[in-house]
Amino acid sequence: YENRVYDSKGVAHPEEPVKMGPNIKDWPEMSALTKNLLLKVVSEIHDPVTTTDELIPSGETSSYRSNPLGLAEFTLSRKDPDYVPRAKEIQRAEKVRLAGGHPCHEIPELKDIMRVVRTKFPDASHESFGIGSTIFAVKPGAVEEKAGTIRAYVVKGEALTEFTMTLGDLTDEERQIILEGCLINYNRVS
């Protein structure tokens with residue numbers, strides 16, 4: 001997809017820069033999925049989410065439909081108003097990691113968590129683990145080998161407890177989108 005400027009006769013002028021309105025923003029850069037992930041549960045939803053309006057409310061968000069980061073500010077605003085600040089805290093640590101820094105400086109508890117992770121995975125480091133946030137939900141809404149389940153661990157205190165996550169029936173294309181980090185990255189590569 002290319003943005004183009006057209007004259008009154010419908011002729012494209014690719015040399016002309018596209019002028020975007022004040023609330024039209026490009027999709028943010030997203031990194032590809034790392035082999036290992038360290039995810040912090042930043043919201044728990046125990047009742048079923050039945051409409052998209054519960055995830056991102058319509059109405060007040062309509063002016064942000066072409067502004068992904070602006071729209072994201074409203075995520076779960078009706079179900080869990082503190083979700084966005086908690087997710088942003090984790091995002092800051094990942095940005096530090098991607099820039100070659102130490103995410104533990106951004107979130108000191110990561111140092112203790114990684115110490116526990118290293119009891120089972122001695123080679124674990126901030127270079128080999130992506131850092132992100134996740135939502136625990138009763139009904140929400142790894143990959144490369146087409147596994148139906150993923151072995152995961154919960155770090156709580158000094159304990160590392162194993163559990164199994166399921167992926168469901170993903171198509172090859174859906175798996176590739178996940179591996180690329182997002183649909184925008186997938187479309188840029190394709």
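Everything numeric here is computed off the predicted structure, so don't read it as measured data.
A 4.5 Å side-chain heavy-atom check between Tyr153 and Thr161 finds every atom pair outside the cut-off. A heavy-atom distance below 4.5 Å is found between the side chains of Lys146 and Arg175. Taking the side chain as every heavy atom from C-beta outward, Met114 and His126 never approach each other to under 4.5 Å. The shortest side-chain heavy-atom distance between Ile135 and Tyr83 falls under the 4.5 Å cut-off. Side-chain contact between Ile56 and Leu71: present, with at least one pair of heavy atoms (C-beta onward) separated by less than 4.5 Å. By the 4.5 Å heavy-atom criterion applied to side chains, Val116 and Asp112 are not counted as neighbours. When side chains are defined from C-beta on, Leu76 does not count as touching Val84, because their heavy atoms never get closer than 4.5 Å. The side-chain heavy atoms of Ile184 and Arg188, taken from C-beta on, include a pair separated by under 4.5 Å.
Considering every non-hydrogen atom in both Ala93 and Pro103, the closest pair reads O-CB, 3.4 Å. Heavy atoms only, all atoms of each residue included: Asp82 and Pro85 are closest at O-CD, 3.2 Å. Taking both residues in full, the closest heavy atoms of Asp123 and Ser128 are given as O-OG, 4.1 Å, listed atom of the first, atom of the second, then distance. Between Ser133 and Ile90, the shortest heavy-atom contact is N-CG2, 3.7 Å.
Taking 4.0 Å as the cut-off between side-chain N and carboxylate O, Glu89 and Arg86 do not count as a salt-bridged pair. Ion pairing between a basic and an acidic side chain is recognised when a charged N comes within 4.0 Å of a carboxylate O; Arg115 and Glu158 show such pairing. A salt bridge links Glu73 with Lys88: the closest approach of a Lys/Arg side-chain nitrogen to an acidic carboxylate oxygen falls below 4.0 angstrom. Note on Asp47 versus Lys79: salt bridge recorded, some NZ/NE/NH1/NH2 to OD/OE distance being below 4.0 Å. A salt bridge links Glu109 with Lys40: the closest approach of a Lys/Arg side-chain nitrogen to an acidic carboxylate oxygen falls below 4.0 angstrom.
Note: Phe74 and Tyr64 have tilted aromatic rings, judged against thresholds of 30 and 60 degrees for the angle between ring planes.
Atom CG of Asp26 is separated from atom CG of Asn67 by 10.5 Å, given to the nearest 0.5 angstrom. Note that the NZ atom of Lys95 and the CG atom of Leu98 stand 9.5 Å from one another [nearest 0.5 Å]. Separation of atoms CD (Glu144) and CD1 (Ile178) is listed at 12.0 Å; rounding is to 0.5 Å. A distance of 7.0 Å separates OH of Tyr186 from CD of Gln176, quoted to the nearest 0.5 Å. With rounding to the nearest 0.5 Å, the separation of CH2 in Trp27 from CG in Asn185 is 10.0 Å. For the atom pair Thr34 OG1 and Leu179 CG, the distance stands at 11.0 Å (nearest 0.5 Å).
Surrounding CZ of Arg78 are more than 12 heavy atoms belonging to other residues, nucleotides or ligands, all under 6.0 Å away.
Judged by distance alone, with hydrogens and angles left aside, the side-chain atoms of Arg118 form a donor-acceptor pair with the main-chain N or O of Ala124 at under 3.5 Å. Formation of a donor-acceptor pair under 3.5 Å by the Glu94 side chain with backbone atoms of Ile131 is found in this model. With hydrogens and angles ignored, the 3.5 Å screen pairs a side-chain donor or acceptor of Glu174 with a backbone N or O of Thr171.
Side-chain contact check for Asp80 and Ser43: at least one donor-acceptor pair (N or O, by modelled atom type) lies under 3.5 Å. In this model, a donor atom of one side chain and an acceptor atom of the other lie less than 3.5 Å apart for Ser125 and Glu127.
Hydrophobic cluster membership differs between Val96 and Phe129, with clusters built from Ile, Leu, Val, Met, Phe, Trp and Tyr side chains linked at under 4.5 angstrom.
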- Message: Working note: Leu38 + Ile113, criterion side-chain contact (heavy atoms from CB on, under 4.5 Å); need CA distance, chi angles, decisive distance, verdict.
- Response: CA-CA 9 Å; Leu38 182 61; Ile113 291 168; 3.8 Å; yes
- Applying side-chain contact (heavy atoms from CB on, under 4.5 Å), run through Ile150 and Leu167 and close with a yes or a no. CA-CA 8 Å; Ile150 298 173; Leu167 290 175; 3.7 Å; yes
